[in-house]
Amino acid sequence: MTQLAVLFIALPALSLALLMLLPASVLACQALGYFFGQDSPPPAPNNPDGAKSPRLAVLMPAHNEAAGIGAVIAALRPELGARDRLLVVADNCTDDTALVARQAGAEVTARNDAERRGKGYALDWGVRALAADPPDVVVIIDADCVLEPGSLQRLAAACALSAWPTQATYLMDLPACPSLKHRIAAFAWMLKNHFRALGFHRLGLPCQLMGTGMALPWPLIRSVPLASGNTVEDVQLGIDLALAGQAPQYCPQAVVRSWFAASDVATDTQRTRWEQGHLMTLATQLPRLVRAMVAQRRWQLGAIAWDLCVPPVSFLLLAQFAVLAANVLAWWLTGQALGLGLALLGSGVVAAVVAAAWVALGHRVISLRQLLGVPAYVLGKLPMYFKLLAGRQQREWVRTERDNGGKP
């Protein structure tokens, strides 16, 4: 009985504990980079006349954004140079998005295709529209996002000087009356999009693309496949670029902001779309990256694959708890303590990194007392993950109703 228990209980639990050390090691590395790494120097220009500002085009995909796109364009236009362009793709809109955008001073192209719906298709349409008069750099900004002053030119310059895809810091602001769910989600967003990305950046490692605040050189964006209904087309695009030899770089000096939906229901829908897409991408693209890394012997692909191993924080915490419980049971039944020790190590590392991120950044959006609500928040995600396991994934591009608290 003891041998059977070791074989069928202790060994699987030990294997799971070893598996969970992988995301824990990523988080530990990124935390060390954040606190002890050094910011990379500005990239060297490709050309002797690199001091000349690049000609850029802002590409803004928009689906039923008539209520807010005018203010977004008004905030963006002062950042554009005389040679720059702003092109809005009004994609399958049933409101006045195109009219409002034109009145605000943007170029507009409308796309209507009931069969092929998704942001990726809108981006592909926009790039085709720009091809008649191509810019040096294309900056992708969502229609519900605003750039901090000076960020557009800093982002475009970093991209032009390096000729690499470049990602700005992408943060989410709280609505006017934030709930506990909003605060926890904002902290999780900050952990993923800034704390972790900056940690890798300070170690000289690439980042993932985040969907908005992305700059790509024209020769690159015109050559990559964009037309897709993938709900996390940004992550997929970053992986495709890395596989093509140009992994995205992080530009912390440029900041783009959006805001969470005002209602908890809309916030849950928004987070569900992102988290389901991330988990599906992890399952399908991680083997692809590992195979390419081994075949091509490219360490940057290893860094992208390693970073992708970290699931959404709520899923990670649930998985860590489940693995810890399995190893406690295995230890009680078999006396084998190695799996329990590894599970405690992995859980401790994750908890330490989350605590460090809260001290560094998260205290701005959530108090220590409010963090006590995280377990209930994480358990509330179980139905969503069960739906994902059942194969029910949201794929359609749906606009999320937001409350921007009076901001553009």
inquiry  = As an exercise, state the distance from CG of D144 to OG of S258, rounded to the nearest 0.5 Å.
reply    = 4.0 Å

query = Could you state the interatomic distance from OG (S151) to CZ (R257), rounded to the nearest 0.5 Å?
reply = 9.5 Å

query = Do L237 and L123 come close enough that some side-chain heavy atom pair is under 4.5 Å?
reply = no

ask   = What's the shortest heavy-atom distance between P61 and K119, and which atoms?
value = CG-CE, 3.9 Å

inquiry  = Minimum heavy-atom separation for A319 and M20, please, with both atom names.
reply    = CB-CE, 3.7 Å

request  = May I ask you to decide if the ring planes of H201 and Y250 are parallel, tilted or perpendicular, using 30° and 60° as cut-offs?
outcome  = perpendicular

key: Contact check, side chains of V100 and E65, non-hydrogen atoms, under 4.5 Å   = no

inquiry  = Using a strict threshold of under 4.0 Å (side-chain N to carboxylate O), is an ion pair present between R116 and D91?
reply    = no

task = Walk me through it: do L368 and W358 pass the test side chain to side chain contact (heavy atoms under 4.5 Å, CB included)?
result = CA-CA 9 Å; L368 185 59; W358 179 83; 3.9 Å; yes

Atom CH2 of W164: over 12 foreign heavy atoms under 6.0 Å = yes

message = Please check: side-chain N/O of R83 versus main-chain N/O of P135, any donor-acceptor pairing under 3.5 Å?
response = no

inquiry  = Distance alone, cut at 3.5 Å: any donor-acceptor contact between the side chains of T94 and N64?
reply    = yes

Interatomic spacing from CD in Q236 to CG in L209 - rounded to 0.5 Å = 11.0 Å

message = Tell me if a side-chain donor or acceptor on T97 pairs with a main-chain N or O of A90 at a distance below 3.5 Å.
response = no

ask   = Charged N to carboxylate O below 4.0 Å: is that the case for R117 and D113?
value = no

ask   = Hey, mind stepping through D136 and W218 against side chain to side chain contact (heavy atoms under 4.5 Å, CB included) and telling me if it holds?
value = CA-CA 5 Å; D136 299 316; W218 175 255; 6.0 Å; no

Donor-acceptor pairs under 3.5 Å, side chain of residues 298-307 to any protein atom, not counting sequence neighbours: which ones?
from, atom 1, to, atom 2, distance (Å)
R298, NH1, L243, O, 3.2
R298, NH1, Q296, OE1, 2.4
R298, NH2, A242, O, 2.3
W306, NE1, S25, OG, 3.3
D307, OD1, Q30, NE2, 2.7
D307, OD1, R196, NH2, 2.7
D307, OD2, Q208, NE2, 2.7

query = Less than 4.5 Å apart, any side-chain heavy atom of C145 and any of V72?
reply = no

Test side chain to side chain contact (heavy atoms under 4.5 Å, CB included) applied to L191 and V313, step by step = CA-CA 9 Å; L191 172 67; V313 65; 4.2 Å; yes

key: N112 versus C93, closest heavy-atom pair with distance   = OD1-N, 4.4 Å

Side chains of M214 and V139 in contact at under 4.5 Å (non-hydrogen atoms) = no

message = Is there a side-chain contact between R85 and V58 in this structure, where contact means two heavy atoms from C-beta onward sitting under 4.5 Å apart?
response = no

message = What verdict does the side chain to side chain contact (heavy atoms under 4.5 Å, CB included) test give for L86 and D84, after you've listed the backbone C-alpha separation in whole Å, the side-chain angles of each residue and the deciding distance to 0.1 Å?
response = CA-CA 7 Å; L86 169 56; D84 300 336; over 6 Å; no

inquiry  = For G126 versus L59, what's the shortest heavy-atom pair and its separation?
reply    = CA-CD1, 3.7 Å

note = Rounded to the nearest 0.5 Å, the CG atom of L27 sits from the NZ atom of K192 at a distance of 12.0 Å

request  = Could you tell me how the ring of F260 sits relative to the ring of H182: parallel (under 30°), tilted (30 to 60°) or perpendicular (over 60°)?
outcome  = tilted

key: CD-SG distance between Q167 and C159, expressed to the nearest 0.5 angstrom   = 11.0 Å

ask   = Between atom CG of L329 and atom CG of L340, what is the distance when rounded to the nearest 0.5 Å?
value = 11.0 Å

key: Smallest separation among heavy atoms of A197 and M210, with atom names   = CB-CE, 3.9 Å

query = Does the side chain of T166 reach to within under 4.5 Å of the side chain of L155, using non-hydrogen atoms?
reply = yes

request  = Evaluate the side-chain proximity of E79 to L147: yes if any heavy-atom separation is below 4.5 Å, no if none is.
outcome  = no

message = Is the shortest side-chain heavy-atom distance between V350 and S347 below 4.5 Å?
response = no

query = Quick one: do D133 and R55 make a salt bridge, cutoff under 4.0 Å?
reply = yes

task = Please name the pair of heavy atoms, one in V310 and one in P23, separated by the smallest distance, quoted to 0.1 Å.
result = CG2-O, 3.9 Å

request  = Indicate yes or no for a side-chain donor-acceptor contact from Q370 to the backbone of S367 under 3.5 Å, with no hydrogens or angles considered.
outcome  = yes

key: R288, CZ atom: more than 12 neighbouring heavy atoms under 6.0 Å   = yes

ask   = Can you name the one residue among W259, Y170, F195 that meets ring-ring contact (aromatic ring centres under 6.0 Å, His included) with W189?
value = Y170

query = Does R202 reach the main-chain N or O of Y34 with its side chain, forming a donor-acceptor pair under 3.5 Å?
reply = yes

task = Give the C-alpha distance, both sets of side-chain angles, the deciding distance and a yes or no for side chain to side chain donor-acceptor pair (under 3.5 Å) between T169 and N193.
result = CA-CA 7 Å; T169 301; N193 278 16; over 6 Å; no

request  = Check whether any side-chain N or O of Q320 sits under 3.5 Å from a backbone N or O of F315 as a donor-acceptor pair, and report yes or no.
outcome  = no

